[in-house]
Undergrad: 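This structure is in structure tokens; I'll ask about it shortly.
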Amino acid sequence: MSQPRPHTLFSFGTLLDERVQTALFGQAVPVSPASLTGHTTRPLPITDPSVIATSGIDVHLTLARERGAAVEGAVLHLTDHELAAADAYEVDDYARRRVLLASGEAAWAYLDARPLRPAARIVIAGDGIAYGRCDPEGGWAARLAAAHIAADEAGHRVFNVAVPGSTLIDVSEQTPALLAARRPDTLIVAAGIGDSALKPAAEPAHAGWLERLGDGLAALAATALSHGARLVVLGPTWVDESRTGDLGGLRFTHTGALALRESLRTWCVANHVDFLDMWAPLHDRPDLLADGLHPTPDGHRALHDHLAALAR
């Protein structure tokens, strides 16, 4: 009896070579023609000797965003073991993520491991920190928008739909109606520090908290995929607990923020979603926080510089 092949993997490069398939999987695997719209390709130099030996070439292709373009390829039908072998074959420059094919079906594909590098049209959702509170210049998101659009005035766009006070559940409910008109290829969700806020006598891992967090992230991932967009989750920023006090009946703690950070990271790894850690730029820098929670203009600048470095 043949093994079940539950995984579909879109490929446009060396994985379509039967010689490569035989080396990786022990045999050629079933394939069917497929197309990925909204993308083009760019060359990616390879330095891993084992990958070069298997493929026979030292320059592979990776995907880049381009509206109106399409990449022709095929879907490989793989077993669990074969998918793991494909993962091991791909170098660290790639990350396996979900894409929406021209047929309307979802499949895995290997994308640029730096999720903001191939982005063209970006939607940013989140809370007051993503909105730019405490910075008259619009915060890290406005700086990201300025640099991104300047790089390609014709093709790049950034839309900030963040709402101060929003939690991830709020964002998962607010965002779907906002995407169609903006036609994003990348959805950045900044996990608001409000998701870690505690009511008196509560704990961050109170009953149902983690489940609701996972539900919100799953809904956002499904929403992004339905628009052909890549979900990128930004982790929370550092909290100066000594200065946050009681804000509007909520208590913000270092422990709660760390719990949120780790929960987001764990969910993203388990679900093959991009997680960008935003903790380091403000860590132990109370001077970069206006009230122990919201970044100052210099704090927002530090967050933007951190994101820019991750995109290079």
Side-chain angles (χ1 to χ4, degrees), residues 38 65 67 97-98 100 115-197 212-237 248 260 264 267-268 273-278 293-295 297 299-301 303-304 306-308 310-311:
R65 290 290 188 165
R67 289 194 61 80
R97 301 291 182 255
R98 283 287 185 186
L100 191 66
L116 300 186
R117 187 159 51 186
R121 298 178 65 90
I122 299 172
V123 166
I124 300 171
D127 68 349
I129 296 177
Y131 178 80
R133 182 173 167 182
C134 297
D135 182 3
E137 295 184 7
W140 65 261
R143 290 175 171 82
L144 172 66
H148 185 67
I149 294 171
D152 183 352
E153 175 63 37
H156 285 184
R157 293 291 181 270
V158 177
F159 306 93
N160 191 347
V161 299
V163 178
S166 292
T167 65
L168 271 174
I169 298 300
D170 296 329
V171 171
S172 69
E173 295 172 349
Q174 297 161 355
T175 303
L178 303 175
L179 295 188
R182 293 168 173 84
R183 300 173 297 171
D185 56 55
T186 305
L187 172 60
I188 297 177
V189 173
I193 200 66
D195 286 279
S196 72
R212 290 197 299 275
L213 188 69
D215 289 345
L217 289 168
L220 286 164
T223 295
L225 183 61
S226 71
H227 289 273
R230 182 173 182 176
L231 176 62
V232 180
V233 177
L234 304 191
T237 55
L260 173 63
L264 292 168
W267 187 93
C268 287
V273 169
D274 295 286
F275 175 79
L276 300 184
D277 195 357
M278 301 297 287
L293 195 66
H294 297 95
H300 277 287
R301 190 171 295 109
L303 292 173
H304 166 258
H306 177 70
L307 271 180
L310 293 176

Undergrad: Given side chains that start at C-beta, do those of Leu168 and Asp170 come closer than 4.5 Å, heavy atoms only?
TA: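 A side-chain contact under 4.5 Å is absent here.
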
Undergrad: Once you round to the nearest 0.5 Å, how far does CD1 of Ile129 lie from SG of Cys134?
TA: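 The SG atom of Cys134 is 9.0 Å from CD1 of Ile129, to the nearest 0.5 Å.
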
Undergrad: At what distance, to the nearest 0.5 angstrom, does NE2 of His148 lie from CD of Glu153?
TA: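 Interatomic distance, His148 NE2 to Glu153 CD, rounded to 0.5 Å: 11.0 Å.
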
Undergrad: Val189 versus Val171: any side-chain heavy-atom pair under 4.5 Å?
TA: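 They are in side-chain contact.
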
Undergrad: Once you round to the nearest 0.5 Å, how far does CD1 of Ile169 lie from CG of Asp215?
TA: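 One gets 6.5 Å once the value is rounded to the nearest 0.5 Å.
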
Undergrad: Calculate, to the nearest 0.5 Å, the distance between atoms OG1 and CZ belonging to Thr186 and Arg65 respectively.
TA: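 The CZ atom of Arg65 is 6.0 Å from OG1 of Thr186, to the nearest 0.5 Å.
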
Undergrad: Are Leu264 and Phe275 side-chain neighbours, meaning at least one heavy-atom pair lies under 4.5 Å?
TA: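 A side-chain contact under 4.5 Å exists here.
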
Undergrad: Identify the heavy atoms of Thr223 and Pro176 that sit nearest to each other, and give their distance.
TA: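 Heavy atoms of Thr223 and Pro176 come nearest at OG1-CG, 3.7 Å.
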
Undergrad: Looking at Ser172, is its backbone amide N or carbonyl O close enough to the side chain of Thr175 to form a donor-acceptor pair, meaning the two atoms are under 3.5 Å apart?
TA: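 Such a contact is absent between Thr175 side chain and Ser172 backbone.
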
Undergrad: Give every donor-acceptor pair under 3.5 Å between a side-chain atom in residues 119-126 and any protein atom, sequence neighbours left out.
TA:
unit_1: Arg121; atom_1: NE; unit_2: Arg182; atom_2: O; d: 3.2
unit_1: Arg121; atom_1: NE; unit_2: Arg183; atom_2: O; d: 3.2
unit_1: Arg121; atom_1: NH2; unit_2: Arg182; atom_2: O; d: 3.0

Undergrad: Is Asp185 paired with Arg230 through a side-chain N to carboxylate O contact shorter than 4.0 Å?
TA: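 Answer for the salt bridge query: no.
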
Undergrad: Going from CZ on Phe159 to CG on Leu187, what distance comes out if it is rounded to the nearest 0.5 angstrom?
TA: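 Spacing of CZ (Phe159) from CG (Leu187) equals 12.5 Å.
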
Undergrad: Determine the minimum heavy-atom distance between Pro184 and Ala229, stating which atoms define it.
TA: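 Distance-wise, the nearest heavy atoms are O-CB, 3.6 Å.
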
Undergrad: Locate the shortest heavy-atom distance separating Ala221 from Trp267; write the atom from each residue and the value.
TA: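 Shortest heavy-atom contact: CB-CH2, 4.2 Å.
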
Undergrad: Check whether any side-chain heavy atom of His300 lies under 4.5 Å from a side-chain heavy atom of Pro295, and answer yes or no.
TA: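 In short, these two side chains touch, coming nearer than 4.5 Å.
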
Undergrad: Take Thr237 and Trp140, measure what side-chain contact (heavy atoms from CB on, under 4.5 Å) needs, and give me the verdict at the end.
TA: CA-CA 12 Å; Thr237 55; Trp140 65 261; over 6 Å; no

Undergrad: Under a 4.0 Å N-O cut-off, is there an ion pair linking Arg143 with Asp135?
TA: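 A salt bridge is present here (some side-chain N lies under 4.0 Å from a carboxylate O).
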
Undergrad: Looking only at heavy atoms, what is the nearest atom pair of Ala162 and Asp127, with distance?
TA: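 Here Ala162 and Asp127 meet closest at CB-O, 3.6 Å.
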
Undergrad: Could you go through the side-chain contact (heavy atoms from CB on, under 4.5 Å) check for Leu116 and Ile188 one step at a time?
TA: CA-CA 9 Å; Leu116 300 186; Ile188 297 177; 3.7 Å; yes

Undergrad: Any side-chain heavy atom of Leu220 sitting closer than 4.5 Å to one from Val233?
TA: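 Not touching, per the 4.5 Å side-chain cut-off.
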
Undergrad: Using a 4.5 Å cut-off on heavy atoms from C-beta on, say whether the side chain of Pro136 contacts that of Pro297.
TA: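 The answer is yes; the side chains approach within 4.5 Å.
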
Undergrad: Return the CG to OH distance between Asn160 and Tyr131, rounded to the nearest 0.5 Å.
TA: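 Going from the CG atom of Asn160 to the OH atom of Tyr131 covers 8.5 Å.
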
